[in-house]
**Q** 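One structure, pasted below without further comment.
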Amino acid sequence: MWKNWSGNQTAEAPVAQPRSVEQLQALLRDTGDVLRPVGAGHSFTPLVTGHGQILRLDQIDKPVVISSDPGRARVNANARLHQLSAALGAQGQAFRNLGDINVQSLAGAMSTATHGTGRELPCLAAEMTGAQLLSGTGEVIEITKEDLPGMQVSLGLLGVLLEIELNTVPAFNLRRRVGVRPVEEMLSRMHEKWAKHRCYEFFILPHSAKGVQVTHDVTDDAVGKAPIDLDALGLQMMKLFSALRHVHPKLHKAALALMLKLQGEESFVGESWRVLSTTRNMRFNEMEYHLPPSEVEAVLREITGLVATRHTEVWFPIEIRQTAGDTAWLSPFQNGPRVSVAVHMHAGQDHSGFFRDCEAVFRSAGGRPHWGKLHSLQRRDLEELYPDLGKFDALRARLDPQDRFLSPALAKLFRP
C-alpha cells in the first residue's frame with residue numbers, strides 16, 4: 001500500500017517503477033489504467049490516489065544534471081532537490097531560491113508551485129524555461145515557449161516530466177538569523193522585513209503572544225558550523241506543553257516562556273541550499289493559502305483569534321512567507337506577489353474543523369490554495385480564481401486526449 005509522508009493519503013493501487021523512458025512508454029501503451037506520477041509524497045491532497053497505477057520515477061536512468069551553462073541548466077526532472085542542489089553546487093551553480101524542505105522531486109515541487117520566501121523571489125515553477133515530457137499519446141516532446149506557462153504548474157496532468165531546463169544563479173552563501181519576537185512586533189514590521197531581507201519568514205507560536213522570525217541574506221563570509229537544530233526539539237516540547245495546558249494553564253505558559261528564552265538568537269553561514277532547508281521529522285497535515293499582501297494582517301489576527309478561542313487544541317506554529325508573482329496559468333502567484341499563510345496540525349489530530357474555519361477566512365480574503373496542501377476547491381472556484389484555466393484545459397486536451405493522467409479527484413477540478 002502506498003501512503004504519503006503524513007499518512008493522510010493512501011492507495012491500494014500498484015506502484016510501477018520504470019527504469020527507462022522505453023519502459024515508461026510501454027506502461028502507457030500496454031495498460032488502460034490511469035497513471036499518476038508521484039514524487040516524494042509530500043503533498044497532502046489526493047493527487048495520486050483513486051486510480052489505476054502510481055508511477056515512481058526516481059529510478060529513471062538519467063544523470064542528475066544533464067547539461068549546464070552559466071545561468072541555465074538542464075536536469076533530471078525526477079531527481080530530488082537536495083541531489084540537484086549538490087550537483088549544481090559542484091558546478092558552481094545554485095537554485096535562486098528553495099523552500100524549507102528539499103526531499104521533494106523537482107517535477108513534483110514545480111508542478112504544485114512549491115515556494116520559499118522572498119518578496120522578489122518567485123516560486124520554483126517560475127524558474128522553468130523548458131521541459132521534456134512524455135505525453136498521454138506516448139510521445140516524448142519538447143515543450144514549446146507558447147505552452148510553457150501551462151507546463152510550469154501542471155499537477156502531472158499533461159504527462160510525465162522527464163527533463164527540466166531552469167534558470168540558475170552562481171553558487172552563494174547565506175547568513176541565517178533566527179530570533180524570538182512578540183507577535184505584535186512581527187505583524188507591524190513584516191512588510192518592512194520583506195523589503196529589507198532577501199528572505200524573511202516568521203512563525204506565530206499559539207497561546208504565547210510570541211513568534212520566531214527567520215532572515216536569510218547573501219554574504220561573502222565563510223561557511224561556519226551549523227548550530228544544533230532546535231526546530232524538532234521545539235515541536236516536541238510544544239506538543240508536551242499542549243497537554244499541560246489542559247491540566248494547568250499557568251504551568252503551560254511558564255514552560256512556553258522558558259522554551260522561548262532558551263531559543264535565544266541564532267546566526268550562522270552556510271551554502272544557500274543547506275541553510276534554506278530543514279529536516280521535518282514530526283508528521284503533520286497542512287493547509288496553506290496565498291493572499292494579497294494587503295489582507296495578511298487582518299487574516300492573521302482572525303486565525304490567531306480562532307486558535308485562542310474556538311480551536312485551543314492547536315499548538316503547531318503558523319508559518320508566514322512571501323513570494324513574487326509569475327505568469328504560469330495555474331500558479332497561485334499569477335499576477336502576484338502573494339503572502340502565504342500555512343496552518344498545521346499534528347498528523348494524529350483531527351484537523352478538519354480548524355482547517356475548515358481557516359479556509360473560510362482565507363477564501364474571504366481572496367486567497368488561492370497551495371496545490372499540494374489541503375483545500376476544498378471545486379471546479380467553479382478554479383474558474384473564478386484562474387483566468388487562464390481555459391488555456392490549460394485546451395493544452396491538457398491536446399497532450400492527454402484520452403485522460404491517461406486524470407485521476408478521479410482531479411477530474412472533478414479539471415474536466416470542464
Side-chain angles (χ1 to χ4, degrees), residues 70-71 81-104 109 114-124 126-127 166-183 185-205 210-235 259-280 293 317-324 337 339-340 342:
L81 293 175
H82 63 88
Q83 295 173 313
L84 288 160
S85 295
L88 288 171
Q91 299 185 24
Q93 294 180 277
F95 287 99
R96 190 187 315 274
N97 202 24
L98 288 166
D100 56 8
I101 299 175
N102 65 12
V103 298
Q104 305 106 317
T114 292
H115 62 99
T117 188
R119 193 175 71 169
E120 306 300 326
L121 302 171
C123 72
L124 270 172
E127 304 290 5
L166 71 155
N167 295 316
T168 62
V169 298
F172 61 101
N173 292 344
L174 287 172
R175 179 176 294 280
R176 171 184 167 100
R177 288 189 171 92
V178 182
V180 176
R181 299 289 186 275
V183 168
E185 177 184 330
M186 293 191 298
L187 291 180
S188 66
R189 300 188 65 190
M190 59 183 167
H191 296 291
E192 171 194 334
K193 295 287 188 179
W194 275 310
K196 180 179 179 180
H197 297 284
R198 185 185 195 271
C199 304
Y200 174 70
E201 64 184 310
F202 63 100
F203 299 81
I204 294 175
L205 306 180
K210 295 289 182 67
V212 175
Q213 68 173 23
V214 183
T215 65
H216 292 98
D217 291 293
V218 177
T219 180
D220 293 326
D221 292 348
V223 171
K225 182 180 179 181
I228 297 173
D229 181 6
L230 295 176
D231 288 353
L233 177 61
L235 285 175
M259 183 192 79
L260 293 173
K261 186 175 182 179
L262 292 174
Q263 168 72 43
E265 298 287 322
E266 175 188 297
S267 176
F268 78 98
V269 174
E271 296 173 87
S272 60
W273 67 277
R274 296 183 188 276
V275 175
L276 287 168
S277 300
T278 55
T279 302
R280 292 285 186 266
I318 300 166
E319 183 178 18
I320 302 95
R321 297 176 284 176
Q322 183 167 190
T323 300
V339 174
S340 305

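The residues of the chain are indexed from 1 along the displayed sequence. Every heavy atom of this structure was used, including side-chain atoms; hydrogens, water molecules and symmetry mates were not.
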**Q** Using only atom types and a distance under 3.5 Å, with no angle test, would you say the side chain of T278 pairs donor to acceptor with the backbone of D100?
**A**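 Yes; at least one donor-acceptor contact below 3.5 Å.
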**Q** Evaluate the side-chain proximity of V178 to Q213: yes if any heavy-atom separation is below 4.5 Å, no if none is.
**A**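 In short, these two side chains do not touch, never coming nearer than 4.5 Å.
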**Q** Taking atom CZ of F172 and atom CD of E271, what is their separation to the nearest 0.5 Å?
**A**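 These two atoms lie 10.5 Å from each other.
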**Q** Less than 4.5 Å apart, any side-chain heavy atom of Q83 and any of L81?
**A**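 The answer is no, as the side chains (C-beta and beyond) never meet within the 4.5 Å cut-off.
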**Q** Are L98 and L124 close enough that some pair of their side-chain heavy atoms sits under 4.5 Å apart?
**A**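 Answer yes - side chains close enough.
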**Q** Which value, rounded to the nearest 0.5 Å, describes the distance between R189 atom CZ and K193 atom NZ?
**A**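 It comes to 4.0 Å.
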**Q** Side chains of I204 and I320, heavy atoms from C-beta outward: is any pair under 4.5 Å?
**A**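 Yes, close enough: below the 4.5 Å cut-off.
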**Q** Dump the intermediate steps for side chain to side chain contact (heavy atoms under 4.5 Å, CB included) on F95 and E127, then the final yes or no.
**A** CA-CA 9 Å; F95 287 99; E127 304 290 5; over 6 Å; no
**Q** I would like to know whether F268 and V275 meet side chain to side chain contact (heavy atoms under 4.5 Å, CB included); could you show each step before the answer?
**A** CA-CA 9 Å; F268 78 98; V275 175; 4.0 Å; yes
**Q** Looking at S277 and R274, would you say the former's side chain and the latter's main chain have a donor-acceptor pair under 3.5 Å?
**A**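 No, because the side chain of S277 does not come within donor-acceptor range (under 3.5 Å) of the backbone of R274.
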**Q** List in chain and number order the residues that pass ring pair (Phe, Tyr, Trp, His ring centres under 6.0 Å) with W194, two or more places apart in sequence or in another chain; answer none if no residue qualifies.
**A**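 By the ring pair (Phe, Tyr, Trp, His ring centres under 6.0 Å) rule, W194 matches H191, Y200.
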**Q** Under 3.5 Å, is there a donor on one side chain and an acceptor on the other for T168 and Q93?
**A**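 Yes.
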**Q** Would you sort out whether F203 and V214 count as a side chain to side chain contact (heavy atoms under 4.5 Å, CB included), showing the intermediate values?
**A** CA-CA 9 Å; F203 299 81; V214 183; 4.2 Å; yes
**Q** Please identify each residue that fulfils side-chain contact (heavy atoms from CB on, under 4.5 Å) with D217, with sequence neighbours left out.
**A**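 Partners of D217 under the side-chain contact (heavy atoms from CB on, under 4.5 Å) test: H197, R198, T215.
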**Q** For A324 and P122, which heavy atoms make the closest approach, and how far apart are they?
**A**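 Heavy-atom minimum between the residues: CB-N, 3.8 Å.
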**Q** Quick one: do L121 and C199 satisfy side chain to side chain contact (heavy atoms under 4.5 Å, CB included)? Show the steps, please.
**A** CA-CA 8 Å; L121 302 171; C199 304; 3.9 Å; yes
**Q** Side-chain contact, heavy-atom cut-off 4.5 Å: K210 with R181?
**A**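 SC-SC contact between K210 and R181 ruled out.
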**Q** Please give me the minimum heavy-atom distance between V183 and G211, naming the atom from each residue.
**A**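 Closest heavy-atom pair between V183 and G211: CG2-N, 4.2 Å.
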**Q** Are the side chains of H82 and W273 in contact, using a 4.5 Å heavy-atom criterion?
**A**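 Yes, close enough: below the 4.5 Å cut-off.
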**Q** Would you give the length of the straight line joining atom CG of N97 to atom NE2 of H216, rounded to the nearest 0.5 angstrom?
**A**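 Result: 9.5 Å between the selected atoms.
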**Q** What are the two closest non-hydrogen atoms of S272 and A94, and how far apart are they?
**A**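 Scanning both residues completely, I find the closest heavy atoms to be OG-CB, 4.1 Å.
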**Q** Would you mind reporting whether V269 and L174 have side-chain heavy atoms less than 4.5 Å apart?
**A**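 A side-chain contact is absent here, since even the closest heavy-atom pair is not under 4.5 Å.
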**Q** So, for A109 and Q104, which heavy atoms are closest and what is the spacing to 0.1 Å?
**A**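 Looking at all heavy atoms of both residues, the shortest contact is CB-CB, 4.4 Å.
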**Q** Just wondering, do Q322 and S340 contact through their side chains at under 4.5 Å, heavy atoms?
**A**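 S340 vs Q322: side chains apart.
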**Q** Is any NZ, NE, NH1 or NH2 atom of the basic residue among E265 and R177 found under 4.0 Å from an Asp or Glu carboxylate oxygen of the other?
**A**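 Answer for the salt bridge query: no.
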**Q** For residues V169 and R96, report the shortest heavy-atom separation together with the two atoms involved.
**A**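 Shortest heavy-atom separation between V169 and R96 comes out as CG1-NH1, 3.7 Å.
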**Q** With distance as the sole test, does T117 use its side chain to make a donor-acceptor pair with the main-chain N or O of E201 at under 3.5 Å?
**A**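 Not confirmed, T117 side chain does not pair with E201 backbone.
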**Q** Can you check side-chain hydrogen bond (donor to acceptor under 3.5 Å, both in side chains) on R175 and S267, steps first, answer last?
**A** CA-CA 7 Å; R175 179 176 294 280; S267 176; 3.0 Å; yes
